[in-house]
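Okay, so here's the structure we're looking at.
All ligand and atom numbering here is 1-based and tracks the order in the structure.
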Amino acid sequence: MPSLEDELFPSTPGKFKVDRAHNMNRQFHRCFASTSTMFLWALFLIALTASYLSFQSFVDSGSRYFSASWGGIQWEKQVRNSAQIHRSGGMSVLVTGAAGFVGTHVSLALKKRGDGVVGLDNFNNYYDPSLKKARKSLLNSHGILVVEGDLNDAKLLAKLFDVVAFTHVMHLAAQAGVRYAMENPNSYVHSNIAGLVTLLEICKSANPQPAVVWASSSSVYGLNEKVPFSEADRTDQPASLYAATKKAGEEITHTYNHIYGLSITGLRFFTVYGPWGRPDMAYFSFTRNILQGKPITIYRGKNRVDLARDFTYIDDIVKGCLGSLDTSGKSTGSGGKKKGNAPYRIFNLGNTSPVKVPELVNILERHLKVKAKRNIVDMPGNGDVPFTHANISLAQREFGYKPTTDLQTGLKKFVRWYLSYYGYNNRKGLQ
Ligand SMILES: O=C(O)[C@H]1O[C@H](OP(=O)(O)OP(=O)(O)OC[C@H]2O[C@@H](n3ccc(=O)[nH]c3=O)[C@H](O)[C@@H]2O)[C@H](O)[C@@H](O)[C@H]1O
């Protein structure tokens, strides 16, 4: 015999048995025979619902505080300390992707000149997370807190803005890499599109709104053949999904500038290299392989033409980032309402002197004092473009951007760092 409880609350929700309906009707009639009984039942159900809801909210907030790596009075104090400004007229900057290559260098430079910096990074495993952790330790040793969290975590972003009224956001978190987009396209949508929108939503609602400076990419020029690349050139022919998401970012940021009055500066970085760099990039993986005695693959373009890049040294990029922050102007809106037009700017940050990839290898060989085993193959159709070359006159005019490090000098500094970090025989660098 099924119990009354079984009849009222079947164990498989949604699977009410039709042949029991008649029985249930009769029991309901008996239960609710009088008005007073109905009233008591109603009270009982309301009390049950209320206690269920309050229990749920306790579980929700409890689990956030107990399991998340952020939140709490101590954490807020650390965030505030890290954001503290130590120079007059300084800024408090939220740096996303702070444990990344460019993020680390920019954070250190800001902190050194007395600005407040709070880092955010999700420490994903696109490349060796231990390198990101080492960068984080470096930042910590300079008094910079790096909060572990994803751009798509709107609650965390909102909390950070609750705790600190950031004047600027330096948005460098992204899924980088041109060729990896063929392996994991969704990671580009997750970080470069969805994450960007989440961040901009928080920025537009913040009061005061911060000015946003963010990393676009030279790859937006795609199949553009006019050289050198100027900001006004075509960018509607991307050659990779990576480039397409960066181009989309330029359009998305434009809408937030237009609708909400956010000050926006997009920086088109040209193949940035240097100490603490990204292991997925050619100069880094070539170094690793050359030292290990492994062959390197050098791509060659159509008609056996060598590929070339406008390789740009990290210190020059850092100067460009700081110059952009210093001249960003103010967002005009507050709490999601636009109060007037705000700046919308895009700048190339390149070196203005492209170098062919085989020449990059020659330089590495000289610095490493080891001959590379070259394997030259035709460029696969994987999103690469044959060359990049920046026209930087706009950034020069706006904030005096002037790159000063050539590839020979920059790679010497990189190799010195590489050997000190990994050593010749350290397995960490030889994966
Ligand atoms: O400016 C950008 O916006 C981008 O710069 C960087 O992309 P790229 O310019 O493609 O740099 P990178 O991979 O170092 O390849 C350099 C050269 O070596 C060639 N290359 C590469 C690998 C290889 O095995 N062989 C080879 O010949 C390759 O064909 C190319 O000619 C960033 O990674 C990217 O995130 C984005 O920021």
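Nearest non-hydrogen protein atom to atom 28 (C) of ligand 1 is Asp384 OD2, 3.7 Å. Among protein heavy atoms, atom 11 (O) of ligand 1 sits closest to Thr271 CG2, 3.6 Å. At the shortest separation from atom 18 (O) of ligand 1 among protein heavy atoms lies Ala282 CB, 3.5 Å. Protein heavy atom in closest approach to atom 33 (O) of ligand 1: Arg278 NH2, 2.9 Å. The shortest contact between atom 8 (P) of ligand 1 and any protein heavy atom is with Arg309 NE, 3.9 Å. Looking from atom 37 (O) of ligand 1 to the surrounding protein, the closest heavy atom is Tyr242 OH, 3.3 Å.
Within the cation-pi definition used here (under 6.0 Å to the ring centroid, within 45° of the axis), Arg268 qualifies as a partner of Tyr221. Under a cutoff of 6.0 Å and an axis angle of 45°, Lys337 and Tyr260 do not form a cation-pi pair. Note that Lys132 lies in the cation-pi zone of Tyr127, set by a 6.0 Å cut-off to the ring centre and a 45° limit from the axis.
In Met281, the parts holding a heavy atom less than 4.0 Å from any atom of ligand 1 are both the side chain and the backbone. Counting heavy atoms closer than 4.0 Å to ligand 1, residue Met379 contributes nothing at all. When non-hydrogen atoms are compared, ligand 1 lies under 4.0 Å from the side chain of Leu307 (C-beta onward) but not from its backbone. Only backbone heavy atoms of Phe269 (N, CA, C or O) come within less than 4.0 Å of ligand 1; its side chain stays farther off. Counting heavy atoms under 4.0 Å from ligand 1, residue Tyr299 touches it through both backbone and side chain.
Listed by number with element, the atoms of ligand 1 under 4.0 Å from a non-hydrogen atom of Thr297 are 23 (C), 24 (O), 25 (N), 26 (C), 27 (O). Residue contact check: Ser219 has heavy atoms under 4.0 Å from atoms 3 (O) of ligand 1. Close contacts between ligand 1 and Ala176 involve ligand atoms 35 (O) [criterion: under 4.0 Å to a heavy atom]. Near Ser217, the atoms of ligand 1 lying under 4.0 angstrom from a non-hydrogen atom of the residue are 2 (C), 3 (O). The distance from ligand 1 to the heavy atoms of Val178 drops below 4.0 Å at these ligand atoms: 7 (O), 10 (O). Near Val357, meaning under 4.0 Å from any of its heavy atoms, are these atoms of ligand 1: 17 (C), 18 (O), 27 (O), 31 (O). Set against the non-hydrogen atoms of Phe270, the atoms of ligand 1 under 4.0 Å away are 1 (O). Interface of Ile298 with ligand 1, defined as ligand atoms under 4.0 Å from a residue heavy atom, comprises 27 (O).
Here the side chain of Asn122 pairs no donor or acceptor atom with the backbone of Glu148 at under 3.5 angstrom. Side-chain N or O atoms of Asp306 include none that pairs as donor or acceptor with a backbone N or O of Lys356 at under 3.5 Å.
Aromatic ring pairs are classed by plane angle as parallel below 30°, tilted from 30° to 60° and perpendicular above 60°; the pair Trp417 and Trp276 is tilted. The aromatic rings of Phe311 and Tyr273 lie perpendicular to each other, with more than 60° between the two planes, well past the 30° mark. Note on ring orientation: taking the six-membered ring where Trp is involved, the planes of Phe387 and Phe229 are tilted (angle from 30° to 60°).
Counting heavy-atom neighbours within 6.0 Å of Glu225 CD, excluding the residue itself, gives a total of 12 or less. Around NZ of Lys133, the count of heavy atoms belonging to other residues, nucleotides or ligands within 6.0 Å exceeds 12.
A centroid separation of 6.0 Å or more is found between the aromatic rings of Phe414 and Tyr313. Phe347 has its ring centre no less than 6.0 Å from the ring centre of Tyr401.
The shell of residues lying under 4.0 angstrom from ligand 1, judged by heavy atoms, excludes Phe387. Using a 4.0 angstrom heavy-atom cutoff, Arg179 counts as in contact with ligand 1. Heavy-atom separations between Phe286 and ligand 1 include at least one value shorter than 4.0 Å. Contact annotation: Arg268 has no heavy atom less than 4.0 Å from any atom of ligand 1.
Glu231 and Arg345 are not joined by a salt bridge, as no carboxylate oxygen comes within less than 4.0 angstrom of a charged side-chain nitrogen.
By the 4.5 Å heavy-atom criterion applied to side chains, Val164 and Leu160 are not counted as neighbours.
Nearest residue to atom 2 (C) of ligand 1 from Ser218, Pro386, Gly277 is Ser218 (criterion: closest heavy atom).
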